[in-house]
Each structure stands twice: as structure tokens, then as C-alpha cells.
Amino acid sequence: MEEFVVLVNPYDEVLGLMEKQQAHINGLLHRAFSVFLFNSKGEMLLQKRASGKYHSPNQWTNAVCSHPRKDETYLEGAQRRLKEELGIETELSEKFSFIYKADVGGGLWEHELDYVFTGNYESEFNLNKEEVEEVRFISMEELDREIADTPEHFTEWFKIILEEYKHHF
């Protein structure tokens, strides 16, 4: 099934729709969301992207990051992708939004107006193996160490969003 993203200007005014891969080739600004989940110890959930993903396969990233569909709110999209990728439901809170552009390799760009949500989760996962290889919780200190030691193991957008997240909290 072809996936489309919602193209926007910097003020989040809709300009139209474009097939997702084409938007990533052209580096056009589009709507996105990122979800950071934490357990009761304050550890962050990471997902390892599936090996079959068309970009950034086998790299670690935040719990969920994707795109809302036409006529879907950012929150509705985030809740949908939690179910589709991790097989879970949890309450989310919108924290901030910002625009970034990242070269993800292979001539592809993530240029996104990204709404960042946080939530807590402590239970079982039902991973969609077409999307997610595995998940793990990690302390913020250990995450900083791993990114410093092996930045290539993490998605480009996650490193950008994580830094933005730290500026807000």
C-alpha cells in the first residue's frame, strides 16, 4: 500500500500530499511525530528498526516515529503507530514541536515538522517484525555513552530529536 505524507509550510499549513518515499527523495517539509516512552526507572525505550526498512535499517531509534495521515491529528497518528509497531496502547502527552532536516543516506532526507510526545509504559510488547527488530530500555546516561561511542548505530533523526528533547527538559 502506498503511503502518503502531508506536505506543510513552516506554519503547519497544508500544501498537499506526496508519496512518502518521493517526499524523502525531494527533502520536502512534511508532518511527523516522535514518541519517547519511559519506564518507572526513567529509562527510555528504544526500538531497533527492522532489517527490511528502505532506509536506516537495523538502527536504534526512539519508541515510535512516523507520519500522520491526511485528516489524522498528530496524536491520533502517534497512537496508531504505537499499536501498529509495538502492539501497545498508552497515554501520550504532547511536549513540543520543531523543524529539522537530516540526511538519512541513499539520497534520502527527513525534513519534518515534528511533534514530540512522551508517555510511560511498563508492560509486554507485541512487535510487528516488519517494522521493529527488537526493543530495550536504556538509562539516559548509557544512551549518551552509546551514541558517543557508536553514533552509526542510531538513526540520524533520533540524535537530532534527542538533543532537542534535552533542551526542553
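The residues of the chain are indexed from 1 along the displayed sequence.
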Less than 4.5 Å apart, side chain to side chain, heavy atoms only: is that true for [X] and [Y]?
X	Y	result
H24	E112	yes
L162	I147	yes
R69	E3	yes
T155	K159	no
L86	Y121	no
H111	I99	yes
L28	M18	yes

Taking all heavy atoms of [X] and all of [Y], pick out the closest pair and write down the distance.
X	Y	answer
F125	I88	CD2-CG2, 3.8 Å
L29	P10	CD2-N, 3.7 Å
W109	G27	CB-CA, 3.7 Å
V64	L82	CG2-CD2, 3.6 Å
E130	A50	O-CB, 3.4 Å
F38	T118	CE1-CG2, 4.3 Å

Go through the steps to decide whether E110 and K20 satisfy the test salt bridge (Lys or Arg N to Asp or Glu O under 4.0 Å), and finish with yes or no.
CA-CA 10 Å; E110 288 286 9; K20 180 172 74 170; over 6 Å; no

Please verify the inter-ring angle class for F36 with F158; under 30° counts as parallel, over 60° as perpendicular, anything in between as tilted.
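Answer is perpendicular, since the angle exceeds 60°.
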
Check the orientation of H67 and H30. Use parallel for under 30°, tilted for 30 to 60°, and perpendicular for over 60°.
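Ring orientation, 0 to 90° scale: tilted.
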
Measure the spacing between [atom1] of [X] and [atom2] of [Y] and express it to the nearest 0.5 Å.
X	Y	atom1	atom2	result
N62	S34	CG	OG	5.0 Å
L92	E76	CG	CD	12.0 Å
F96	Y165	CZ	OH	8.0 Å
D149	E142	CG	CD	8.5 Å
W157	C65	CH2	SG	5.5 Å
L108	D103	CG	CG	8.5 Å

Are [X] and [Y] connected, step by step, through hydrophobic side chains (Ile, Leu, Val, Met, Phe, Trp, Tyr) whose heavy atoms are closer than 4.5 Å?
X	Y	value
M140	V135	no
F169	L143	yes
F117	I160	no
I138	I161	yes
V14	Y115	yes

Side-chain donor-acceptor contact under 3.5 Å, H167 with E163:
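H167 vs E163: no donor-acceptor pair found between side chains.
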
Would Q47 and E85 count as having a side-chain donor-acceptor pair, cut-off 3.5 Å?
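There is such a pair (donor and acceptor under 3.5 Å, judged by atom type) between the side chains of Q47 and E85.
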
Given the rule in the side-chain hydrogen bond (donor to acceptor under 3.5 Å, both in side chains) test, do E94 and Y74 qualify, once you have shown the distances and angles that lead to the verdict?
CA-CA 9 Å; E94 182 183 317; Y74 289 93; over 6 Å; no

Check [Y] with [X], please: is the shortest side-chain N to carboxylate O separation under 4.0 Å?
X	Y	answer
K129	E133	no
K53	E131	yes
E72	R80	yes
R136	E43	no

Does a sphere of radius 6.0 Å around [atom1] in [X] hold more than 12 heavy atoms from other residues, nucleotides or ligands, not counting ones at 6.0 Å or beyond?
X	atom1	result
E152	CD	yes
K41	NZ	no
Q22	CD	yes
K101	NZ	yes

Has the side chain of R49 got a donor or acceptor atom that lies under 3.5 Å from a matching backbone atom of S56?
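Yes, because the side chain of R49 sits within donor-acceptor range (under 3.5 Å) of the backbone of S56.
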
Do the side chain of N9 and the main chain of D12 share a donor and acceptor less than 3.5 angstrom apart?
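Present.
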
After noting the C-alpha distance and the side-chain angles of F98 and L113, does the key distance pass the side chain to side chain contact (heavy atoms under 4.5 Å, CB included) rule?
CA-CA 6 Å; F98 77 116; L113 171 57; over 6 Å; no

Let's go through S40 and E122 carefully: what are the C-alpha distance in whole Å and the side-chain angles of both, what is the deciding distance for side-chain hydrogen bond (donor to acceptor under 3.5 Å, both in side chains) to 0.1 Å, and is it a yes or a no?
CA-CA 7 Å; S40 59; E122 294 276 350; 2.9 Å; yes

Take L45 and V35, measure what side chain to side chain contact (heavy atoms under 4.5 Å, CB included) needs, and give me the verdict at the end.
CA-CA 10 Å; L45 180 73; V35 177; over 6 Å; no

Apply side chain to side chain contact (heavy atoms under 4.5 Å, CB included) to the pair W60 and K48, showing each step before the final yes or no.
CA-CA 4 Å; W60 290 99; K48 188 174 191 181; 3.7 Å; yes

Would F33 and V116 satisfy side chain to side chain contact (heavy atoms under 4.5 Å, CB included), going step by step from the backbone distance to the final call?
CA-CA 6 Å; F33 53 80; V116 178; over 6 Å; no

